[in-house]
Amino acid sequence: AQTVTQSQPEMSVQEAETVTLSCTYDTSENNYYLFWYKQPPSRQMILVIRQEAYKQQNATENRFSVNFQKAAKSFSLKISDSQLGDTAMYFCAFMKSNRLDATNKLIFGTGTLLAVQP
Amino acid sequence: SQTIHQWPATLVQPVGSPLSLECTVEGTSNPNLYWYRQAAGRGLQLLFYSVGIGQISSEVPQNLSASRPQDRQFILSSKKLLLSDSGFYLCAWSVDSHINQPQHFGDGTRLSIL
């Protein structure tokens, strides 16, 4: 069974600084997808970024980028130029390839609470 | 564009009372639908998912049930609520495609059992 581990329950960063959130996962699959979701105090879950395991290039979305290390099964999220609005719980999630499971089910980590300080 | 609506936003119910949470999706057809529960300070646990009308898969044994009476409607129910049913419930949808698609979430329902 797949598992997702986020070893940092809480983190803090100063506004405009850069922060990296860690995520590791365990799977025997070769093809899969990884996601970072953000849950601000409003509780809405927002997709931040996604990575396809067969792509070696790290995904980027504006100030958000990932460091995907497939061999190490690591998928960290880097937030550059942190803003107050980035304060949220961040969840790492794993999804099997549709070739094996067409349900798009997600397996979530326990989350990292990020506080951006002014 | 696609939107997902989930209601109510908050709900306070006594132990032993019934429950019905509703989720609807607009702007797409034949979506995959999901119900999650998020306990305080913890991650999301998948409760149910559905790939079509009347097709419900349960991920964990529990006091809750789900139904999909229409293509874009997903309902979470209970006949008798337990204290342990308290939590934050999230509905989500994804495109039914041969290509993996991300899930998109509703705003959630905070359920408190007294």
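Just so it is clear, the model here is predicted, and its values are computed rather than measured. Throughout, a chain's letter reflects where its sequence line sits, starting with A, and its residues are numbered from 1.
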Enquirer: Verify, without hydrogens or angle tests, whether B/Arg37 (side chain) and B/Gly87 (backbone) share a donor-acceptor contact under 3.5 angstrom.
Expert: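 The answer is no, because no donor-acceptor pair under 3.5 Å joins these two groups.
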Enquirer: Working to the nearest 0.5 angstrom, can you tell me the gap between A/Gln51 CD and A/Phe35 CZ?
Expert: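 CZ of A/Phe35 is found 10.5 Å from CD of A/Gln51.
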Enquirer: Mind checking who shares a hydrophobic cluster with A/Val13, ILVMFWY linked at side-chain heavy-atom distances under 4.5 Å?
Expert: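 Answer for A/Val13: A/Val4, A/Met11, A/Val19, A/Leu21, A/Tyr25, A/Tyr32, A/Leu34, A/Trp36, A/Val48, A/Ile49, A/Phe64, A/Val66, A/Phe68, A/Phe75, A/Leu77, A/Ile79, A/Leu84, A/Tyr90, A/Phe94, A/Ile107, A/Leu114, A/Val116.
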Enquirer: Does any heavy atom of chain A fall under 4.5 Å from the side chain of B/Gln6, the backbone, both, or neither of them?
Expert: neither
Enquirer: Can you name the side-chain hydrogen bond (donor to acceptor under 3.5 Å, both in side chains) partners of A/Lys70, sequence neighbours left out?
Expert: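 With neighbours one apart ignored, the set is A/Asn30.
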Enquirer: Checking B/Leu44 against chain A: side chain, backbone, both or neither under 4.5 Å from a heavy atom?
Expert: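 Both backbone and side chain of B/Leu44 come within 4.5 Å of chain A.
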Enquirer: Taking atom NZ of A/Lys78 as the centre, does the number of heavy atoms from other residues, nucleotides or ligands within less than 6.0 Å exceed 12?
Expert: no
Enquirer: With a 4.5 angstrom heavy-atom cut-off, is it the side chain or the backbone of A/Arg50 that approaches chain B, or both, or neither?
Expert: side chain
Enquirer: Can you see whether B/Tyr34 engages B/Ser94 through a side-chain donor-acceptor pair at a distance of less than 3.5 angstrom?
Expert: yes
Enquirer: Are the side chain of A/Gln6 and the backbone of A/Cys92 linked by a donor-acceptor contact shorter than 3.5 Å?
Expert: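 Confirmed, A/Gln6 side chain pairs with A/Cys92 backbone.
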Enquirer: Judged by modelled atom types alone, do B/Gln103 and B/Tyr49 share a side-chain donor-acceptor pair under 3.5 Å?
Expert: no
Enquirer: Less than 4.5 Å to any heavy atom of chain B: does that hold for the side chain of A/Gln39, its backbone, both, or neither?
Expert: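 Just the side chain, heavy atoms under 4.5 Å.
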Enquirer: Which bit of A/Leu47 is near chain B, if near means a heavy-atom gap under 4.5 Å: side chain, backbone, both or neither?
Expert: side chain
Enquirer: Can you name the residues of residues 105-114 of chain B that have some heavy atom under 4.5 Å away from a heavy atom in chain A?
Expert: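 Result: B/Phe105, B/Gly106, B/Asp107, B/Arg110.
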Enquirer: Quick check on the interface: out of A/Glu52, A/Met45, A/Arg43, who has the most heavy-atom pairs with chain B under 4.5 Å?
Expert: A/Arg43
Enquirer: So, using side-chain hydrogen bond (donor to acceptor under 3.5 Å, both in side chains) as the criterion, who are the partners of B/Ser78 when residues are at least two apart?
Expert: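 side-chain hydrogen bond (donor to acceptor under 3.5 Å, both in side chains) check on B/Ser78 returns B/Asn63.
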